Amino acid sequence: MPERNVVSWTAMISAYSQRGYASEALNLFVQMLRSGTEPNEFTFATVLTSCTGAFGFDNGRQIHSLIIKSRLESHIYVGSSLLDMYAKAGKIHEAREVFEGLPERDVVSCTAIISGYAQLGLDEKALELFCRLQREGMISNYVTYASVLTALSGLAALEHGKQVHNHVLRSELPSYVVLQNSLIDMYAKCGNLIYSRRIFDNMSERSVISWNAMLVGYSKHGMGKEAVELFKLMGQENKVQPDSITFLAVLSGCSHGGMEDRGLEIFYEMLSGKDGVEPEIEHYGCVVDLLGRAGLVEKAFKFIKQMPFEPTAAIWGSLLGACRVHRNVDIGEVVANQLLQIEPENAGNYVILSNLYASAGRWEDVGRVRELMNEKAVIKEPGMSWIELNETLHTFHASDRSHPRREEVFAKVGELSAKIKEAGYAPDLSCVLYDVDEEQKEKMLLGHSEKLALAFGLLGTPEGKPVRVIKNLRICVDCHNFAKLVSKVYRREVSLRDKNRFHHIVGGICSCGDYW
DNA sequence: ATAGGGTTAG
């Protein structure tokens with residue numbers, strides 16, 4: 001063009017942004033500034049969408065100062081884009097500041113800040129803000145609902161999720177695939193796969209994400225057979241091509257469902273190249289998990305050594321878990337050495353190694369792991385559990401003394417413990433990492449957050465009603481035992497969602513087959 | 001003429 005104006009520059013930047021060419025978009029923006037063309041509100045709103053990822057944040061901050069100079073910080077489109085940039089960079093306080101500084105709000109700016117919290121896993125904040133903004137008159141649209149549903153998935157807040165679903169139905173929105181995908185995911189992660197499947201079956205159109213969300217649901221519930229069947233159906237329908245997440249979901253479904261052979265078949269078919277999806281390191285990780293679960297710890301170890309990738313902490317971690325379950329101390333030690341080199345700051349690794357030593361009665365080594373943790377000053381992510389009762393989320397930390405009904409809850413844990421001991425419960429003291437006497441250890445075990453939440457659930461619901469508990473970390477062996485015996489003695493279904501999967505416990509038997 | 005927020009993962 002012999003001449004360009006702000007519109008020509010912006011249109012071109014927008015074209016690059018929309019196609020995902022972030023660095024080209026940013027380069028063009030710099031060229032624009034050099035050419036002396038003054039960016040306007042359209043330009044800023046556009047170019048900020050390319051400021052994500054590793055080096056995006058520095059650019060975003062610099063662009064922010066240009067925006068301030070241009071006095072466009074309070075512009076609703078620019079502001080939304082700006083706060084989204086900060087949120088995606090993990091700078092949620094900066095995002096919130098921009099949001100609060102906006103002279104007017106609309107559904108997009110509100111959704112941007114809600115989803116900002118949700119994407120960072122600050123699910124309660126996201127929910128709180130959604131409720132407040134809705135009280136203040138925000139008219140949600142399908143993107144808003146999809147965003148808040150993400151937060152509700154994280155919280156496993158089924159009753160809240162149903163309410164949002166009701167809102168959606170009443171608002172008579174057209175059936176957006178994105179929104180239905182969110183609903184599938186929400187119901188699955190809240191433990192209600194029947195609802196997920198109903199929504200899935202009623203969709204007139206499905207994206208690959210619809211299939212993936214459903215597959216992940218089956219996988220997290222240990223329903224390998226259903227996952228494989230759905231995967232087959234996807235192939236037969238042949239409308240949507242599976243992607244790398246589809247394979248991750250079905251492979252981990254096989255793993256959690258105890259279908260090692262089927263999982264390996266699928267992996268080798270991927271390797272053959274006829275699926276059009278090449279296995280990535282995460283898929284190799286699923287195979288390690290499959291082999292480990294089957295007790296083929298040595299084979300898994302060899303598999304890692306001949307992978308075309310450098311093993312990650314997640315892969316070593318998965319094998320260490322297998323060593324713990326199958327009590328293979330020899331390989332476990334080698335694996336732990338590798339793992340602690342790559343990821344010395346992850347407390348979970350030490351916990352599993354310590355459990356492994358404890359299961360073999362190697363108490364001096366247990367002590368050594370504990371000292372190693374102290375030396376490296378590893379900070380354990382605080383374990384917490386929660387339960388939803390009457391549309392309220394009740395959160396518990398270990399030995400929590402903050403809950404208003406704590407006395408009752410502690411008493412109930414004591415009662416449960418005494419009663420299930422008659423049925424054979426023996427506290428697994430090897431789950432305690434601290435060097436204290438046995439009585440103290442048992443006391444600490446009884447203070448674990450999931451036991452408090454479970455006890456609270458039994459107190460707050462009528463006999464025979466299932467109890468749903470959610471835990472932010474992997475559940476420990478002792479709490480798993482405890483929950484199994486409670487389900488048996490008290491005749492309650494216990495559904496326990498931990499960091500990795502659902503434990504569906506009925507009559508003392510857990511759907512995870514004691515491998516997790 | 002050019003513009004902002006969204007769903008699935010090991």
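All values below were derived from every heavy atom in this structure, side-chain atoms included, with hydrogens, water molecules and symmetry-related copies excluded. Sequence lines set the chain letters: A, B, ... in the order given, protein chains first and strands last, and positions in each chain run from 1. Fair warning: this is a prediction, and the values are worked out from it, not measured in the lab.
Counting any heavy atom pair closer than 4.0 Å across all strands shown, A:N5 reaches a base atom.
Taking A:E265 as the reference, A:R262 meet the salt bridge (charged side-chain N to carboxylate O under 4.0 Å, His left out) condition, with sequence neighbours excluded. Residues forming a ring pair (Phe, Tyr, Trp, His ring centres under 6.0 Å) with A:F130 (at least two apart in sequence, or on another chain): none.
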Along nucleotides 2-7 of chain B, 5' to 3', which nucleotides get a B, which get an S, and which get a -, given that the test is a protein heavy-atom distance under 4.0 Å? BBBBBB
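The aromatic rings of A:Y86 and A:F57 stand perpendicular to each other, their planes meeting at an angle above 60°, with 30° marking the opposite boundary. The aromatic rings of A:F267 and A:Y284 lie perpendicular to each other, with more than 60° between the two planes, well past the 30° mark.
The side-chain tip of A:R324 points at the ring of A:W516 from less than 6.0 angstrom away and within 45° of straight on.
In terms of phosphate contacts, A:K189 brings a side-chain nitrogen or oxygen within less than 4.0 Å of OP1 or OP2 of B:dA9.
The ring-ring contact (aromatic ring centres under 6.0 Å, His included) test with A:H503 singles out one residue from A:H256, A:H480, A:H221, and that residue is A:H480.
Summarising the geometry, the separation between CE on A:M186 and P on B:dT8 is reported as 12 Å, rounded to the nearest angstrom. Here the P atom of nucleotide B:dT8 and the CG atom of A:D243 are 13 Å apart, to the nearest Å. Spacing between atom CG of A:L248 and atom C1' of B:dA9 amounts to 6 Å, rounded to whole angstrom units.
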